[in-house]
Amino acid sequence: MKFGFRFRMMMAMLLVAGACVLSVAWISYSDSKSMIEQNYVQSLDETMTLQMNAFDDTMKEMYQTVQHICGTQELADCIDVYLAGEQTYEDGTAVTRELSELLTFNRWGSALYLYLPQLGKAFSSEEYYAVRDSEKGSVIPWEEENDNPFIPLYFTNRMARSSQRVFAYTQPVLSKSGEIMAFLCITVDERQLYYGLLDELNGSDGENYMILSEDGMICSGEDTALLGTRIQGLSGQQNGRMNADMAENGLLYTSVEAPFSHYRMLCQSDLSMLTKDIREHVIYLLLLVSLVFMVLIFIAKILSNQLYRPIQELTEAMDDVGGGDFTARVSGQDADEFGVVLAHFNEMVSRMDGLMDQVVQERTEKREAEINALQYQIRPHFMYNTLNSIRFAATLQRNHKLAELLGDFIALLEASSQRKGAFLTLSEELKLVKSYLSLQAFRYFDCFETTFAIAPETENCYVPCLLLQPMVENAVFHGIDPKRNDNRLTITSWLEGDRLHITVADNGDGFDVERASQPDQDEDKRRLTGIGLQNVEQRMKLYYGDAAYFTIRSEAGVGTRVEFCLPVSHDPEEYSIRKSGTAG
C-alpha cells in the first residue's frame, strides 16, 4: 500500500513525538534505576561495614586471646606436668579443665584446643572427647602456617561433638629452649557466627549475605551446601575495600572487606526486585503512548486518502520515465498546487525526451573527435622523427642495412597509421616499440642496450595504441648519450591485483620534470615532451578517467623512469570511447 506525502509527514511527526516520549521515559527510568541502585549500594555498604566491624572485633579478640594464653605460665606448667606425668586419661582431663579456665572468650561456640605433636594427642576445652589421639599420618589443621597471622584459618573441625566448620587462630607454644612443644588453637562455630551476624540480614527479599575468605571461598552463608565453594557467574575480582559488580547472571554482588581479618562480607542482590515499581510505571506509559499513536495513525490515514490520487498518478508516471518510457504523461485537471506540479512534470518529460538522444549523440561524437585529433596529432610527429632518423642514417652510413631499416619503418608506419582500433595487446604494442628501437639502434651505432622484463600474464592485456612509443622515443632522444657505451633502456610490466604496471626507464642525465611538462617550441630540438606527454595524458583521461595514471621520476645523473598504472583489461572494447559515450 502506498501512502501520501501528507500522511508520511504526519507519520514522521508521530514517530518523532513517540521517539521523544520513549527517550524521556527511558532516560527517566535509567536515571531513577541508577539512583536507586546507588542509594541501595550505599545502604549495603553501611550495613555490611557495621557487620564486618563486628566480625573483625570477634577475630581480633580471638587472636589476642590465643596470643595471651600462649604466653601464660599456667599453660606452660600444665603442659610440663602432663609431659612429666604418666599421661593417663585423668591427667588429660586436668589439661582440659585448665584450658576451660584459660578460655575467657565465650561467644559463638568458642573452644580452645591444645595439640602435642610429639605425642600425637589433642585436648579440648569442651567436655566431649576431651582427650583424643590423632590418627597416624593425619594432618592437624592447627599446624598449618599462615602467611598473614591476622587472617583466621577456616576448616572443618572434627574434634567437636559433631563436625563443624570453624574460624580459628593457632599459635605455637614454645619451650624455654625455643622449641615447639605444642600448638594452641581457638575456634568459633561458623553456624553460630552466621546466626549472630547474617541471619537477620538474609530476611530481606532478593538478598543473600555470606562471608568470603581472602581467596573468594564461601565460609559462611544461609545455604550450608555452598560452604567451601566459590560463587559462579562473578566476573570481576572483589579486591577493593568495597566492590559493587554486576555478574553475568544479572545479579549485583556487593562486598565489604574487614581490615583486620581480610575476610569479606558479600551481598548477592536481585536488582529486579528494586526496580519492579518503576518498570510497572514505564509499562503503563508505553501502553498509553501506543494507544494514542494508533488513534493518530487512523486519523492520518483518513486525511491522506483525499490527497493520494494525484500523487499516485505522478508516482506511476515517474516509474515509467525511470524505466525509459519518455512518452508517459499525467492527466492533471485540478487547479490546485498538485495540478501545477503535474503540468510542470509533463513539460519536463517532453523536454527530456527530446534532449536525451541529442546529449548522447553529441557526447559520443565529441569524444571520438577528441581522440581522433589526439591520434592525428601524435602520428605526424612520430613519423617526422622516424623519417629524420632514417635521413641521418642514410647520410652517415652508406650501408645495405638501410633496407632493413626501411622494412622496420614500413612496418611501424603501417601499424601506427592504418590500425583502426584504439586498443591493442601489450605484445603488439611492444612490437611497435621494438621496430622503433631497431631504427634508433642503427642511428646511434648500437650505443644503447634495451632490456625487456615483460611478465607473461601481461602480454594479452589491452592498452591504448601508441601508449609506450612516445615514452620510448623520449627516453632515446633525452636519455641516450652517443659518447657513452653504457646507455640502457629497460621496459618492464607486471600485474598487481587488478592493476597493470608498465615502466620505461633509462640511465641518462635526467631532466626537470616540471619544465618538461610545458610544450617545447624549439623545433630543432624535436623534443617529444610537449606533444607526447600531453597526448598520452589526455588519451588516458578520455579512456579511463581517474582509473589510470602515469608518473615521471627523473634524477640528475641517474636517469628517468616513467610508470603507467592501468586497469587490467582483456576486452579491446571495454574502455573504447564509443562504448563509454553510449553508456554515459
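Scanning for side-chain contact (heavy atoms from CB on, under 4.5 Å) contacts around L83 gives I79, Q87, L116, Q118, L119, with sequence neighbours left out. Remark: D215 engages R230 in a salt bridge (Lys or Arg N to Asp or Glu O under 4.0 Å) (not counting sequence neighbours). For E537, the side-chain contact (heavy atoms from CB on, under 4.5 Å) test picks out F550, with sequence neighbours left out. Taking A505 as the reference, R561 meet the side-chain contact (heavy atoms from CB on, under 4.5 Å) condition, with sequence neighbours excluded. Annotation: salt bridge (Lys or Arg N to Asp or Glu O under 4.0 Å) contacts of D56 (sequence neighbours excluded): none. Not counting sequence neighbours, the partners of T551 by the side-chain contact (heavy atoms from CB on, under 4.5 Å) test are Y549, E563. Looking at residues two or more places apart in sequence or on another chain, you find no side chain to side chain donor-acceptor pair (under 3.5 Å) involving Y154. Scanning for side chain to side chain donor-acceptor pair (under 3.5 Å) contacts around T58 gives an empty result, with sequence neighbours left out. Considering only residues two or more places apart in sequence or on other chains, S493 meets the side chain to side chain donor-acceptor pair (under 3.5 Å) condition with T458. Every residue two or more places apart in sequence or in another chain was checked for a side chain to side chain donor-acceptor pair (under 3.5 Å) with T451, and none qualifies.
At a threshold of 4.5 Å between non-hydrogen side-chain atoms, the residues S261 and I151 do not count as touching. Residues M265 and L212 are not in side-chain contact: their nearest non-hydrogen atoms beyond the backbone lie 4.5 Å or more apart. Looking only at side-chain heavy atoms (C-beta outward), M62 and D57 stay at 4.5 Å or farther from each other. Considering only heavy atoms from C-beta on, T492 stays 4.5 Å or farther from I454 through its side chain. The side-chain heavy atoms of L426 and I502, taken from C-beta on, include a pair separated by under 4.5 Å. The shortest distance between side-chain heavy atoms of E257 and S255 does not fall below 4.5 Å. No side-chain heavy atom of F183 sits less than 4.5 Å from a side-chain heavy atom of Y113. In this structure, the side chains of N507 and V558 stay at 4.5 Å or more apart for every pair of heavy atoms.
Between Y544 and Y575, the distance from one ring center to the other falls under 6.0 angstrom. Residues Y263 and F167 place their aromatic rings such that the two centres sit under 6.0 Å apart.
Between atom SG of residue C185 and atom CG of residue L153 there is a gap of 7.0 Å, rounded to the nearest 0.5 Å. Atom CD1 of I211 and atom CG of L266 lie 10.5 Å apart (nearest 0.5 Å). The distance from the OG1 atom of T254 to the CG atom of N243 is 9.0 Å, given to the nearest 0.5 Å. Taken to the nearest 0.5 Å, the OG atom of S220 stands 8.0 Å off from the CZ atom of F55. Rounded to the nearest 0.5 Å, atoms CG (L226) and CE (M210) are 7.0 Å apart. In this structure, CG on L99 lies 6.5 Å from SG on C78, to the nearest 0.5 angstrom.
Although no hydrogens or angles enter the test, the distance criterion places a donor-acceptor pair under 3.5 Å between the side chain of T170 and the main chain of L184. Judged by distance alone, the side chain of T47 and the main-chain N or O of L44 form no donor-acceptor pair under 3.5 Å. Of the possible polar contacts, none joining the S43 side chain to the N39 backbone as a donor-acceptor pair under 3.5 Å is found. Put simply, the side chain of D91 gets close to the backbone of T88: a donor and an acceptor are under 3.5 Å apart.
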* To do: Could you walk me through whether D45 and R241 pass salt bridge (charged side-chain N to carboxylate O under 4.0 Å, His left out), step by step?
  => CA-CA 10 Å; D45 183 16; R241 188 206 69 81; 3.1 Å; yes
* **Verdict with reasoning, R165 to D189, per salt bridge (charged side-chain N to carboxylate O under 4.0 Å, His left out)** => CA-CA 6 Å; R165 294 181 180 270; D189 181 21; over 6 Å; no
* Please step through side-chain contact (heavy atoms from CB on, under 4.5 Å) for the pair T560 and R553, ending with a clear verdict. => CA-CA 6 Å; T560 303; R553 296 180 182 177; over 6 Å; no
* Could you give me the CA-CA distance, side-chain angles and deciding distance for V463 and L566, then say whether side-chain contact (heavy atoms from CB on, under 4.5 Å) is met? => CA-CA 8 Å; V463 299; L566 311 173; 3.9 Å; yes
* Kindly indicate, with the supporting measurements, whether the criterion side-chain contact (heavy atoms from CB on, under 4.5 Å) is fulfilled by M242 and T49. => CA-CA 9 Å; M242 195 281 290; T49 299; over 6 Å; no
* List the steps, then state whether ring pair (Phe, Tyr, Trp, His ring centres under 6.0 Å) holds for Y63 with F150. => CA-CA 7 Å; Y63 175 77; F150 303 127; 5.2 Å; yes
* To do: Determine, step by step, whether E222 and Y194 satisfy the side-chain contact (heavy atoms from CB on, under 4.5 Å) criterion, reporting the C-alpha distance in whole Å, the side-chain angles of both residues, the deciding distance to 0.1 Å, and the verdict.
  => CA-CA 8 Å; E222 183 177 17; Y194 166 78; 3.1 Å; yes
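Side-chain contact annotation: Y209 with E207, donor-acceptor N/O pair under 3.5 Å present. No hydrogens or angles considered: nothing links the side chains of S125 and S100 as a donor-acceptor pair under 3.5 Å. Q67 and Q171 form a side-chain donor-acceptor contact under 3.5 Å, judged by distance and modelled atom types alone.
Looking at every heavy atom in both residues, L197 comes nearest to Q51 through O-NE2, 2.7 Å. Heavy-atom minimum distance, L112 versus L103: N-CD2, 4.1 Å. Nearest heavy-atom pair, R499 versus A548, reported as atom, atom and distance to 0.1 Å: NH2-CA, 4.1 Å. Smallest separation of non-hydrogen atoms from A168 and F155: CB-CE2, 3.6 Å. When all heavy atoms of W108 and G196 are compared, the pair lying nearest together is NE1-CA, 4.0 Å. Listed here is the closest heavy atom pair of Y115 and A122: CD1-CB, 4.1 Å.
Evaluation of the salt bridge (charged side-chain N to carboxylate O under 4.0 Å, His left out) test over residues 12-23, restricted to residues two or more places apart or in two chains, returns none. Within the structure, every pair that satisfies the salt bridge (charged side-chain N to carboxylate O under 4.0 Å, His left out) test and touches residues 94-115, not counting sequence neighbours, is listed here: E61-R107.
Taking a 6.0 Å sphere around OH of Y195, one finds it holds 12 or fewer heavy atoms contributed by other residues, nucleotides or ligands.
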